[in-house]
Amino acid sequence: QVQLVESGGGLVQPGGSLRLSCAASGSTLDYYYIGWSRQAPGKEREGVSCISVSDGDTYYADSVKGRFTISRDNAGNTWNLQMNSLKVEDTAVYYCTARSPQATTYYTDLNLSFCEYDIWGQGTQVTVSS
């Protein structure tokens, strides 16, 4: 199976920026969508963003649109989340994710429905605090 590893988390002040990266290792897989989810303390996991491997179309949660930008390499082996204008409420553990051809579930948020995943990493902590 493919293994995903996140990096780039840390502590940043409100209004600052961080860039998260994800790297896939192990066996190769033709993903449909790759992206990011997050889980804040006391809250349920939520989708953040994803990008289509095939055509590069991007999808964002309303809470991050205009502030976060997702990108990928051409092969879909690595992908990034550039986070600008960070807010305290962005504090969470961020997970990189991938949707394989075998996935059968979808996010209930129609803006992110295809971002639901069946492969994920261990997470990286992002803390936004003054």
Side-chain angles (χ1 to χ4, degrees):
Q1 294 93 343
V2 173
Q3 179 176 286
L4 308 182
V5 179
E6 305 92 339
S7 63
L11 175 66
V12 65
Q13 295 182 348
S17 298
L18 283 174
R19 183 174 182 267
L20 306 182
S21 297
C22 183
S25 62
S27 61
T28 59
L29 186 67
D30 292 330
Y31 306 134
Y32 285 164
Y33 297 87
I34 50 180
W36 297 88
S37 66
R38 68 184 181 184
Q39 187 167 23
K43 297 183 65 177
E44 192 172 324
R45 184 202 67 190
E46 63 177 350
V48 176
S49 179
C50 73
I51 183 169
S52 169
V53 174
S54 62
D55 59 19
D57 287 350
T58 58
Y59 306 86
Y60 298 93
D62 288 341
S63 60
V64 306
K65 189 174 180 62
R67 300 187 297 119
F68 292 9
T69 303
I70 191 169
S71 61
R72 58 159 173 80
D73 69 1
N74 290 335
N77 294 320
T78 62
W79 54 101
N80 307 297
L81 187 69
Q82 179 65 47
M83 305 186 294
N84 298 327
S85 301
L86 282 161
K87 304 175 180 179
V88 172
E89 53 263 42
D90 293 318
T91 296
V93 177
Y94 285 70
Y95 301 87
C96 59
T97 64
R99 183 178 181 85
S100 79
Q102 288 74 49
T104 58
T105 59
Y106 303 87
Y107 281 132
T108 55
D109 183 347
L110 295 180
N111 292 326
L112 298 168
S113 64
F114 295 109
C115 297
E116 178 64 289
Y117 55 88
D118 55 348
I119 304 169
W120 62 96
Q122 298 303 305
T124 185
Q125 177 70 48
V126 172
T127 302
V128 184
S129 176
S130 60

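- Within the 4.5 Å cutoff, no side-chain heavy atoms of Trp120 are placed close to those of Ser37.
- With hydrophobic clusters built from ILVMFWY side chains whose heavy atoms lie under 4.5 angstrom apart, Ile119 shares a cluster with Val53.
- Taking every heavy atom of both residues into account, Ser130 and Pro14 meet most closely at N-CD, 3.7 Å.
- Applying the salt bridge (charged side-chain N to carboxylate O under 4.0 Å, His left out) test to pairs two or more places apart or on separate chains, those with a residue in residues 82-94 are Arg38-Asp90, Arg67-Asp90.
- Here the closest heavy-atom approach between residue Ile70 and residue Cys50 is recorded as CD1-CA, 3.6 Å.
- Counting heavy atoms from C-beta outward, Thr97 and Glu116 have side chains that stay 4.5 Å or more apart.
- Inter-residue side-chain proximity for Cys22 and Ile34 is flagged as unmet; no heavy-atom pair is nearer than 4.5 Å.
- The closest donor-acceptor contact from the side chain of Asp118 to the backbone of Ser100 lies under 3.5 Å.
- Side-chain N or O atoms of Glu6 include one that pairs as donor or acceptor with a backbone N or O of Gln122 at under 3.5 Å.
- Closest approach of Leu86 and Val12 over heavy atoms only: CD1-CG1, 3.4 Å.
- Ser52 and Ser54 are linked by a side-chain donor-acceptor pair at a separation below 3.5 angstrom, with hydrogens and angles left out of the test.
- Both Tyr117 and Leu112 belong to a common hydrophobic cluster when Ile, Leu, Val, Met, Phe, Trp and Tyr are linked at side-chain heavy-atom distances under 4.5 angstrom.
- Interatomic distance, CG of Leu4 versus CG of Asn77, reported as 10.5 Å (0.5 Å rounding).
- Under the 4.5 Å side-chain criterion, counting only non-hydrogen atoms from C-beta, Ser7 is not in contact with Thr124.
- Between Tyr60 and Ile51 there is no side-chain heavy-atom pair separated by less than 4.5 Å.
- Every residue was checked against the side-chain hydrogen bond (donor to acceptor under 3.5 Å, both in side chains) condition with Gln39, not counting sequence neighbours, and none meets it.
- Nearest approach of Ser17 to Ser85, heavy atoms of both residues: OG-N, 4.4 Å.
- In terms of heavy-atom proximity, Gly47 sits nearest to Ala61 at O-CB, 3.6 Å.
- Taken from CZ in Arg72 to OH in Tyr31, the straight-line distance is 13.5 Å, to the nearest 0.5 Å.
- At least one cation-pi condition fails for Arg45 and Tyr107: the charged atom is not both under 6.0 angstrom from the six-membered ring centre and inside a 45 degree cone around its axis.
- Checking Asn84 against Gln82 by side-chain atom types alone, a donor-acceptor pair falls below 3.5 Å.
- Judged purely by atom type and a 3.5 angstrom limit, Trp79 uses its side chain to pair as donor or acceptor with the backbone of Gly35.
- Using a 4.5 Å cut-off between side-chain heavy atoms of Ile, Leu, Val, Met, Phe, Trp and Tyr, with links allowed through other members, Leu18 and Trp36 fall into the same hydrophobic cluster.
- Criterion: ILVMFWY side-chain heavy atoms under 4.5 Å apart, direct or through other members. Under it, Tyr95 and Leu81 are not part of a common hydrophobic cluster.
- Note on ring orientation: taking the six-membered ring where Trp is involved, the planes of Tyr33 and Phe114 are parallel (angle under 30°, cut-offs 30° and 60°).
- Around OH of Tyr59, the count of heavy atoms belonging to other residues, nucleotides or ligands within 6.0 Å exceeds 12.
- Between atom SG of residue Cys96 and atom CG of residue Asn80 there is a gap of 10.0 Å, rounded to the nearest 0.5 Å.
- A donor-acceptor pair is defined here as one N or O able to donate and one able to accept, closer than 3.5 Å; no such pair exists between the side chain of Arg99 and the backbone of Tyr106.
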